[in-house]
Amino acid sequence: RMLAKSGNKLRSVDSDLTSGDGDGDDAKSMSGSSYGVKSVDDYGGLNYHYLGAGIRDSRTLPNFAMESVSHDQMPFAHGDIKNIPYVHGGFFGAAPFMLTNPHWISILRILMPDVYVEISRRAAYAPAPKLIHWAENNPVVAAYGTAHELEFSGRVPTLEWDVFLDPYLVKRVEIVLNEKEGFLQRQRDSRKKAHKESHRKDDDHGLDVMEGENDDEVIGNPTPMASSNERLVLSYYNAEIRRRTELLAERMLIAHGNVAQLVLEQTGYLKKYNFSRVKRTRKTLGGGIFARQWLAVYADAMKFGMGVDDDDYDDDCESDTDSTGAQDDVNFEDGAGIDHNAQIVAIGGHHGATSPDAKSATNSSLEESVSKTPGDDRSIGPPRKIVMMRSNEDDDDISIDGSITSELTSPQTAFLARTRKAQKARSAKKKGQQRVDSTSLNALAKSICPDYSIKDSIDSLKHIIQCPAPFGLVLDMKSRHVSRKVWALVIDFLRDAGARVEGIASFFVEEVRDISKYCNSPVNEIVFAHSAGDIQLGCHDGRIRRGDKVFFNAGSLLWDYPNIFDVNDMRNILEHRMQICFYAEDIKQSYRLKAYAKTTKPAQYSPKNQNIMSDDESETCAESADDASTGSDLFTKLLVQDRIRKSSVNMDFTYEEVPGGVCSTIQEYKNHYNLKIGLYVQEFAIDDAAVSLIVKYVNANPHVYELGLSWGGINGLTVRGIQPGRFTATDGLWNQRYAGMPWREDLKPSDESTT
């Protein structure tokens, strides 16, 4: 803590420990240190930075002073990553470092007790990959990483969300969309028929005029000739679409899912069953929580972590909408159309916007426990103890999604509720004891989870972070076979709520293609690929087009794709794996970049702001560091040593040779197709040697990898506990090596006809 407090004083001079290392626009997207500063990023959007004189203490340490739970932290050998477009996995790579921070562990215990109990049982013996994997899409870990970035780099990071959409709610939205399109089509047909009858002599000209007029109606803006009834119906459709989209977005599941669930999702069958399985999977095994609860927990974790008191900002974060109520205002019969005559009466009302109840007693006690305690230096933070209370009220009024309903919706449900009560009473009478509410960890987590709307959570983040755009997102589409119009509605809702949706991505190009056409404002359509060979194949078969933004796993730049049909290759692999003595260091030292990873600097390329120290300057810094001994001088010593390490980077790389010496490269495809390329890795499956080599390679070639490297951990840090084994590769590719395509050296970008 002494080092961190000393560092707070130095941040006004140098806010980013790696500032000045960037080149051109890439450096501009990573720098910036004042409140509300904006800079243009490679997506064409804005980066937001926050670092003012009154920055709060996030109770995290600078990266070179952090310690992992196994005490095996390792800095990158060649400095930090200069350009991180988004945080892969929601900072799940920061989990080993968060578990050594008592303040943030207490936040996890308070906000997610079920996850805390599971991880507390594993932390002592679980290997580093499992500790990282459990934290994927965890809101508390994401808040920890965000708080660290805010305090020590002044940058508001963009997070990645793996999202599943509820197929039942998707169907409800599609029904209204189809009904609206059908209504507009009927109006167009009736207008054309009336126009033909009144203007028979000028039929062709009249049709063109009417088609131009009706184009405005398609987007929901009727022409002045439209009757008031038509405008009323259209306003009802638009209001109903907004209401159902809000429910769909707030019930969006933030989860990655396991392999079986992802495979089943690709088939398009049993979608409701698969969604229910993902929802019921534990959060530490690929499951997740709804977007509404995720953001509420994230906002509370940021409030506790940054030391923000409720009195520090206005109480305007109270919920003014309750999206969980009145979900079935419109009755459908087997998916049939809407009865317009029966619904016109309700058009003037306000759909889905009811007055909320007061905050629950659990949330009130949670906030009261954060208040200042006399004689306690850590006056702002989470409560140190949580008590499980048994409620005397009946829990039959709790709905499936955890919301409390004030009244039964139909006589049938009332009868079922009375039947359940009678059965429970008889069971309790037989046992001779009174029935009590569940005290499981899941029930405790649901009762503690704050219940704010998405807009309210983002509004509170604006006050906590003191930034107009505090929450950036890249959506990774896990749900398949969903209409682009539905995805566009979800994106528009999140943006209206205050989120920065920087992009939407998928491994299937057809899922993201042309989504921007249906959005109110364009969104980056990102194509994910398993390997560099997938990008090469996509360019030749037409799936990847000119100007596309693509990301692929950087581990494919190091992985040798074996030829399973070559007996000699298979024999060499078996002999290497089955030898008596196996040394992981030999594997790490044998890493070489593939021939297709070769790059050439353009003639007009001139790196700017290269922070490379000369020998004399390094010696001077080292001498000044040796003189430092205590207090802030110790921090300065560590800071200078860290800069010397980052500046001593040799930009020469060793590439593998190919037979004949002729091989196409990624740079050739990037230039030919005008692609914007970025990289990512699997943080739980990459060792320190591989990540250092990849970081060095990406930092040295920003003209090829404009979108940088998406790193899901603390920038500049990894752990030594991830090491290669006899049958385990730790190059960052993980299981994607079995799905990706190898690079074909004989193909050239100009061979566009080749498939």
Side-chain angles (χ1 to χ4, degrees), residues 161-185 216-221 233-254 271-272 275 290-292 294-295 321-324 326-330 332 335 337-338 343 347 350-353 401 453-455 457-458 471-506 508 510-526:
W161 266 7
D162 300 317
V163 293
F164 283 88
L165 296 182
D166 189 337
Y168 170 72
L169 298 180
V170 169
K171 183 65 175 178
R172 284 170 53 86
V173 174
E174 289 178 341
I175 287 175
V176 184
L177 287 174
N178 294 335
E179 287 293 331
K180 179 182 176 182
E181 292 178 358
F183 173 78
L184 292 174
Q185 185 62 43
D216 294 334
E217 295 181 358
V218 175
I219 60 175
N221 299 323
V233 173
L234 286 175
S235 65
Y236 162 72
Y237 280 132
N238 293 332
E240 188 67 17
I241 289 173
R242 285 193 299 270
R243 188 182 70 85
R244 298 190 180 198
T245 302
E246 179 182 2
L247 182 61
L248 173 63
E250 295 197 336
R251 296 270 299 179
M252 182 169 58
L253 195 61
I254 312 303
K271 292 181 69 67
K272 293 183 180 179
F275 182 83
F290 295 126
R292 177 186 177 102
W294 195 101
L295 265 172
T321 59
D322 187 4
S323 62
T324 60
Q327 298 182 8
D328 296 308
D329 293 347
V330 182
F332 297 96
I338 300 174
Q343 297 297 331
I347 292 177
H350 187 67
H351 297 278
D401 59 350
S453 67
I454 290 180
K455 186 178 185 305
S457 299
I458 296 178
F471 188 65
L473 277 178
V474 169
L475 301 179
D476 184 358
M477 303 161 55
K478 297 303 181 184
S479 288
R480 291 291 316 281
H481 313 290
V482 177
S483 169
R484 289 189 288 267
K485 294 182 180 179
V486 175
W487 283 112
L489 290 173
V490 172
I491 292 172
D492 289 338
F493 170 79
L494 292 174
R495 285 176 167 176
D496 293 340
R500 288 184 294 108
V501 182
E502 300 287 352
I504 184 167
S506 175
F508 300 90
E510 63 274 9
E511 296 282 336
V512 298
R513 184 72 69 192
D514 298 331
I515 285 183
S516 292
K517 292 182 179 179
Y518 303 98
C519 296
N520 293 334
S521 58
V523 63
N524 291 292
E525 300 164 3
I526 303 172

May I ask you to test the [X]-[Y] pair for a side-chain heavy-atom distance under 4.5 Å?
X: L494; Y: L475; answer: yes
X: L184; Y: L234; answer: yes
X: L165; Y: W487; answer: yes
X: N238; Y: R242; answer: yes

Which atom of [X] lies closest to which atom of [Y], heavy atoms considered:
X: V523; Y: G503; result: CG2-CA, 3.8 Å
X: I454; Y: R292; result: CG1-CA, 4.1 Å
X: E502; Y: N524; result: O-ND2, 2.6 Å
X: V482; Y: S479; result: CG2-CB, 4.1 Å
X: A291; Y: A249; result: CB-O, 3.5 Å
X: R495; Y: V501; result: NH2-O, 3.0 Å

Atom [atom1] of [X] and atom [atom2] of [Y]: how far apart are they, to the nearest 0.5 Å?
X: I254; Y: L473; atom1: CD1; atom2: CG; result: 8.0 Å
X: K271; Y: H481; atom1: NZ; atom2: NE2; result: 6.0 Å
X: D496; Y: I491; atom1: CG; atom2: CD1; result: 12.0 Å
X: E174; Y: L248; atom1: CD; atom2: CG; result: 9.5 Å
X: I458; Y: L295; atom1: CD1; atom2: CG; result: 5.5 Å
X: M477; Y: I504; atom1: CE; atom2: CD1; result: 4.5 Å

For the pair F290 and F275, name the ring-plane relationship: parallel under 30°, tilted 30 to 60°, perpendicular over 60°.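 Aromatic pair F290/F275 classed parallel.
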Could you check I241 against L177 for side-chain contact (heavy atoms from CB on, under 4.5 Å), going step by step and ending with a plain yes or no? CA-CA 7 Å; I241 289 173; L177 287 174; 3.5 Å; yes
For R480, which residues count as a salt bridge (charged side-chain N to carboxylate O under 4.0 Å, His left out) partner, sequence neighbours excluded? E510, E511
With D476, which residues qualify under salt bridge (charged side-chain N to carboxylate O under 4.0 Å, His left out), at least two apart?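 Once residues adjacent in sequence are excluded, the partners of D476 under the salt bridge (charged side-chain N to carboxylate O under 4.0 Å, His left out) criterion are K478.
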Is R243 salt-bridged to E246, cutoff N-O under 4.0 Å?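 No.
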Check side-chain hydrogen bond (donor to acceptor under 3.5 Å, both in side chains) between K485 and all other residues, then give those that pass, not counting sequence neighbours.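 Result, side-chain hydrogen bond (donor to acceptor under 3.5 Å, both in side chains) vs K485: E181.
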Check: N520 side chain, D492 main-chain N or O, donor-acceptor pair, under 3.5 Å: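 No; zero donor-acceptor contacts below 3.5 Å.
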